[in-house]
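Quick notes on the structure that follows.
Position 1 is the first residue of the sequence; numbering continues from there.
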Amino acid sequence: MQKLPIGIQTLKKLIDGDYIYIDKTHLALDLIENYQYSFLSRPRRFGKSLFLDTLKNIFEGNKELFKGLYIYDKWDFEDKYPVIKIDWAGDFKTLESTKKRAISILKENQQRLGIECESINDPSNCFEELIHKAYEKYKKPVVILIDEYDKPILDNIEDTKRALENRDFLRGFYVMMKANDTYIKFAFLTGISKFSKANIFSGLNMLEDISLTPKFGNICGYTQSNIENEFKEHLIGADLKMLKNWYNGYNFLGDKVYNPFDILQFIKNDFMFRNYWWLSGNPYFLITLFKEKNYNLPSLENITISEDLLSTFEIDKIKLEVLLFQAGYLTIDKMIALPFGGFEYKLRVPNREVSISLNNLFLEYLIEESDNQFKKSIYISLMESNLDELKNTFISLFASLANNNYTKNDIANYEGYYASIFYAYLGASGLNLTAEDVTNLGRVDLTIDIDDKIYIIEFKVDSANSLKQIKEKKYYQKYLSSEKEVYIVGIEFCKKEKNIASFKWEKLL
């Protein structure tokens, strides 16, 4: 049985150590043969670094590593090229530390290529000099591979001034590729965010973004086929249906894919369902943006965004939905062709791990705590169709908040507050939710699908007739043939009382 490639980002170590390697070399070959300057955006821990290292080994002619892989007999490994690899890992909390790291990276490349630059204290000039001297020494155009090109910016996403300083430095650094196109064979950049070309990639108008090119949709991540084949021996006895529900669902216009980090940690930890990917990062910057935007949390499940906006990231004009997508907290649900050309994308939360984690995060902000006893009570009430108990649980919850939370901030003044808390608790309980569920007569606020039951819920604030609206609009009609019990629930909140004023429900089937 091949070993699990946990924490390994180099091809040589994987192949030499007999670790599982998902062959992506058919995509690497397509990229090399048909693109000169390209860029790939994927969330963190998705395998970008390993793919970059695979490209490095191809261009360096390390044929022995590719035996048995797609590219082995389709590429001339004798045709070798000098590779400049830039891996942005380190401290970027000041502009000086960013420049210092850039100089260190360039020194590492000089040593590997046997080249010495004169402009050792000027990163941009040294980068240009390195390109020229590598070309002169090896008599071949240079390959440039840049991993996490945006990390010096994203590490400072909560400090706009510092992020902009690093952006301006990187702009002057990357533009050297445009100025030295004659000496470059191939360039490939990876990152999380997708800045506009007029922003960080000023002048690099030849850079092609392959992030949502369908043929490269599976370039990173594990497909269902990988789970059922390459990882089959490691997953004997695992609940594959639940595995799919927890960790699958990312869509980059190819197959739906799993985050590799989740799968490897799940196997390593004896099939325990935990929030592995989420806990490996620091998503609290989302709260800063959430505070600024006063988002209605359920609306995050029903976002439609234009192709242009989805491909743009501006430090000083951040759109929460764009950052959520690029960082992996939302993914594509479907692509919608527009009648006048172009596309829109409907977004959704990718899977149960992200849904639970994202809702827990927002609960920490919305109510400054998250009570597991409430979550347990909510889940059991819905499983047992005990809606009177569900009503009592939420009345108790809002009553507990009124005494210690509303005086600390003014968040309760925005319209989506009550529905957001309700939604966040349901989502954090691991329930299958559909916010703003579309019917032929309109949108119902929330639908819950649990076991053999469907709950259709409408919210109102300082307004009555929520249950009446469900009946008049017949929001329930699409579920009448589902062979499940169908319940309609009208919930009305009172701002003055800071609690539920009315909670009415009926069972239809």
Side-chain angles (χ1 to χ4, degrees), residues 28 31-40 48-49 51-62 75-90 92 95 98-153 166-191 195 197-210:
L31 198 62
I32 290 168
E33 291 183 336
N34 297 298
Y35 297 80
Q36 184 181 3
Y37 294 89
S38 53
F39 164 70
L40 175 72
K48 300 185 297 293
S49 297
F51 186 79
L52 205 78
D53 189 70
T54 301
L55 290 172
K56 178 176 179 288
N57 279 283
I58 291 171
F59 281 111
E60 288 180 340
N62 297 320
W75 175 257
D76 183 3
F77 286 93
E78 295 300 316
D79 195 16
K80 302 178 183 181
Y81 297 86
V83 177
I84 297 173
K85 185 179 180 184
I86 297 171
D87 183 354
W88 290 109
F92 306 107
L95 180 59
T98 301
K99 290 180 178 178
K100 186 176 179 180
R101 176 57 187 148
I103 291 170
S104 176
I105 291 169
L106 293 169
K107 282 182 179 178
E108 292 168 6
N109 278 277
Q110 291 172 63
Q111 291 172 1
R112 182 168 47 80
L113 294 170
I115 292 170
E116 188 172 336
C117 292
E118 296 176 9
S119 303
I120 58 173
N121 295 316
D122 185 328
S124 296
N125 286 340
C126 183
F127 185 30
E128 181 176 43
E129 191 178 351
L130 184 60
I131 293 170
H132 286 186
K133 290 192 172 181
Y135 178 83
E136 292 168 2
K137 177 175 179 177
Y138 293 95
K139 310 300 181 189
K140 284 287 189 71
V142 174
V143 170
I144 299 174
L145 304 174
I146 302 177
D147 200 11
E148 305 292 359
Y149 86 96
D150 52 355
K151 193 172 185 296
I153 299 171
N166 279 346
R167 181 202 67 183
D168 292 343
F169 164 74
L170 291 174
R171 177 193 290 160
F173 187 82
Y174 294 140
V175 77
M176 289 302 172
M177 290 187 286
K178 171 69 173 179
N180 296 281
D181 174 65
T182 302
Y183 309 103
I184 298 173
K185 162 73 175 176
F186 177 85
F188 183 66
L189 293 77
T190 74
F195 293 93
K197 291 178 181 177
N199 190 318
I200 193 170
F201 293 131
S202 177
L204 292 181
N205 55 350
M206 70 292 198
L207 189 67
E208 296 187 69
D209 184 357
I210 66 165

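Nearest heavy-atom pair across Q36 and I184 is NE2-O, 2.9 Å. In plain terms, the two heavy atoms of Y149 and L170 that are nearest each other are O-CD1, 3.6 Å. For the pair L106 and F173, the tightest heavy-atom approach, listed with the atom from each and the gap, is CD1-CE1, 4.1 Å. Scanning both residues, I84 and V142, for their nearest heavy atoms gives CD1-CG1, 3.6 Å. In terms of heavy atoms, F188 sits closest to F51 at CE2-CD2, 3.8 Å. Nearest heavy atom pair, residue G191 against residue D150, reads CA-OD1, 3.6 Å.
To the nearest 0.5 Å, atom CD1 of residue I210 and atom CG of residue L40 are 5.0 Å apart. Rounding to the nearest 0.5 Å gives a distance of 5.5 Å between CG of L52 and OG1 of T190. Atoms CZ and CD, from F39 and E208 in turn, are 13.0 Å apart once rounded to the nearest 0.5 Å. Between the OG atom in S104 and the CG atom in N109 there is a gap of 10.0 Å [rounded to 0.5 Å]. Summarising the geometry, atom CZ belonging to F59 is positioned 14.5 Å from atom NZ belonging to K80; distances are rounded to the nearest 0.5 Å. Between the CG atom in N125 and the SG atom in C117 there is a gap of 10.0 Å [rounded to 0.5 Å].
With sequence neighbours excluded, no residue satisfies salt bridge (charged side-chain N to carboxylate O under 4.0 Å, His left out) with D181. In this structure I103 satisfies the side-chain contact (heavy atoms from CB on, under 4.5 Å) test together with K107, P123, sequence neighbours excluded. For D76, there are no salt bridge (charged side-chain N to carboxylate O under 4.0 Å, His left out) partners at least two apart in sequence or on another chain. The salt bridge (charged side-chain N to carboxylate O under 4.0 Å, His left out) search around K99 returns none, not counting sequence neighbours. Scored by the side-chain hydrogen bond (donor to acceptor under 3.5 Å, both in side chains) test, W75 finds no partners at all (sequence neighbours excluded).
In this structure, E33 does not pair ionically with K185, as no charged nitrogen and carboxylate oxygen lie closer than 4.0 Å. Salt-bridge check for K56 with E60: passed, with a basic side-chain N closer than 4.0 Å to an acidic carboxylate O.
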For residues 127-135, tabulate all N or O donor-acceptor pairs below 3.5 Å that involve a side-chain atom, not counting sequence neighbours.
residue	atom	partner	partner atom	Å
E128	OE2	N180	ND2	3.3
E129	OE1	E118	N	3.1
E129	OE1	S119	N	3.0
E129	OE1	S119	OG	3.4
E129	OE2	E118	N	2.7
E129	OE2	K133	NZ	3.1
H132	NE2	N180	OD1	2.5
K133	NZ	E116	O	2.8

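At distances below 3.5 Å, not a single donor-acceptor pair connects side-chain atoms of R101 with backbone N or O atoms of P152. Between the side chain of N57 and the backbone N or O of D53 there is at least one donor-acceptor pair closer than 3.5 Å.
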**Request:** Check the pair I105 / W88 against side-chain contact (heavy atoms from CB on, under 4.5 Å), numbers first and verdict last.
**Result:** CA-CA 8 Å; I105 291 169; W88 290 109; 3.9 Å; yes
**Message:** Pair E108, K85 - check side-chain contact (heavy atoms from CB on, under 4.5 Å), show working.
**Reply:** CA-CA 9 Å; E108 292 168 6; K85 185 179 180 184; over 6 Å; no
**Request:** Output, in order, the C-alpha distance, side-chain angles, deciding distance and verdict of side-chain contact (heavy atoms from CB on, under 4.5 Å) for D147 and I86.
**Result:** CA-CA 6 Å; D147 200 11; I86 297 171; over 6 Å; no
**Message:** Walk me through whether Y37 and L189 qualify under side-chain contact (heavy atoms from CB on, under 4.5 Å).
**Reply:** CA-CA 8 Å; Y37 294 89; L189 293 77; over 6 Å; no
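A 4.5 Å side-chain heavy-atom check between P82 and K137 finds every atom pair outside the cut-off. Counting heavy atoms from C-beta on, the side chains of S38 and L31 come closer than 4.5 Å. In this structure, V83 and L113 have side chains that are not in contact, with every pair of non-hydrogen atoms separated by 4.5 Å or more.
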